[in-house]
Amino acid sequence: MSSTGLEGKSVIVTGAASGIGRASALKFAWEGARVLVADLDRTGAEQTAKEIEETGGQALAAVGDLSDRQVVEQVVQRAVAAFGGVEVLVNNAGIMDRMSALGETEDAEWERVIRINLTAPFLLTRAVLPHMLAAGRGSIVFTASEAGLRGSAAGAAYTASKHGVIGLVKNLAVMYRKQGIRANAIAPGPTSTNIQVDAGAEAHGPAVIGQLIGANIGRLGSAEEQAAAIVFLASDAASFVNGAVLAVDDGWAAV
Ligand code: NAD
């Protein structure tokens, strides 16, 4: 048994075709966990799973839109059937908004960002909880954002979605601590991944926020630096950490 307690554990990582999710899936596998790689992107998900298997690990790819309840139920069933349960869930998949201020946020932008960044983690967590409760243990890690801590890191939709994620984490931590389930989040600062900052030049958000971000952020982080924090929070090394939001941001949150 490794000191992290992750050896042999069943782990679902969402958004694991790319970026922070991919780096986390590889690190969980390196720690000996069995990993279900869930993503919308089939090629990327299969590539992550293949990479894990080629290095002697155990992984499966599950493809679909994780804001769809049926897809979520299939993904969780797949992990339970293959690995006998779900001990760790990493709610990481997410998308950026267009950095729009609230008055310029169209219905479609709002709904898409909230559905993927907030509703999908809600659905996934609700689907894994019965398995964690039956086992009497579980660890859930969310990828929030600096935008979940402040109003000056993204547009209205993304900021609201990530504040919502942090609310879920804190509520879960309180509601389920007696049942042996922990919930925590990382709040990444700007990190080198494939996330698109699809900000329209005409939008009023980037002009306001660009200056604030430019003045305060540190260096660009790597996906591996975020993954290290996710794996720590999921592991037994963080057994007394519950309801925490860990800024992984070269000190941006401290400014
Ligand atoms: P990324 O684009 O490299 O990876 C995100 C993955 O999520 C992609 O593989 C994508 O296919 C998947 N995904 C998107 N929508 C999905 C859906 N509906 N169903 C299933 N999979 C879906 O980006 P990343 O930076 O690694 O993002 C991971 C998380 O980190 C996100 O929640 C993001 O908000 C958060 N984050 C990133 C940064 C950053 O600077 N990169 C900063 C703060 C927070």
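Here the structure is a predicted model, which means the values were calculated and not measured. One-based numbering, in listed order, for ligands and for the atoms of each. Start at 1 with the first residue, then count along the sequence.
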Is the contact between [X] and ligand 1 made by the side chain, the backbone, both, or neither, using heavy atoms and a 4.0 Å cut-off?
X	value
Q226	neither
A144	backbone
D39	both
N92	both

Checklist entry - For atom 1 (P) of ligand 1, what's the nearest protein heavy atom and its distance? => result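 Nearest neighbour among protein heavy atoms for atom 1 (P) of ligand 1, to 0.1 Å: S18 OG, 3.5 Å.
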Item to check | Heavy atom of the protein closest to atom 7 (O) of ligand 1 (residue, atom name, distance) | outcome: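 Sorting protein heavy atoms by distance from atom 7 (O) of ligand 1 puts G15 CA, 3.5 Å first.
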Run the numbers for me: atoms of ligand 1, each under 4.0 Å from some heavy atom of [X], listed by number.
X	value
P190	40 (O)
A17	9 (O)
Y158	33 (C), 34 (O), 35 (C), 36 (N), 43 (C), 44 (C)

Item to check | Stepwise salt bridge (charged side-chain N to carboxylate O under 4.0 Å, His left out) check, K50 with E46 | outcome: CA-CA 6 Å; K50 189 167 159 240; E46 287 175 351; over 6 Å; no
For [X], state whether at least one heavy atom is located under 4.0 Å from any atom of ligand 1.
X	answer
G189	yes
A153	no
A23	no
G44	no

Item to check | Side-chain donor/acceptor of D41 to backbone N/O of G44, under 3.5 Å | outcome: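 At least one qualifying donor-acceptor pair exists.
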Item to check | With F142, the side chain to side chain contact (heavy atoms under 4.5 Å, CB included) member among L172, I186, N184 | outcome: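 The passing option is L172.
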Any N/O of [X] closer than 3.5 Å to an N/O of ligand 1?
X	value
T193	yes
I116	no
E146	no
T191	yes
L40	yes
G21	no
S67	no

Checklist entry - Knowing that exactly one of N91, T14, N92 qualifies, which makes a side chain to side chain donor-acceptor pair (under 3.5 Å) with T143? => result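 Of the listed residues N91, T14, N92, the side chain to side chain donor-acceptor pair (under 3.5 Å) partner of T143 is N92.
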Checklist entry - Could you walk me through whether E73 and R78 pass the salt bridge (charged side-chain N to carboxylate O under 4.0 Å, His left out) check? => result CA-CA 9 Å; E73 279 159 15; R78 185 117 189 264; over 6 Å; no
Next on the checklist: Quick check: do V76 and I12 have side-chain heavy atoms less than 4.5 Å from each other?
Outcome noted: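 In short, these two side chains touch, coming nearer than 4.5 Å.
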Checklist entry - Hey, mind stepping through R115 and D65 against salt bridge (charged side-chain N to carboxylate O under 4.0 Å, His left out) and telling me if it holds? => result CA-CA 10 Å; R115 194 164 50 78; D65 179 351; 3.4 Å; yes
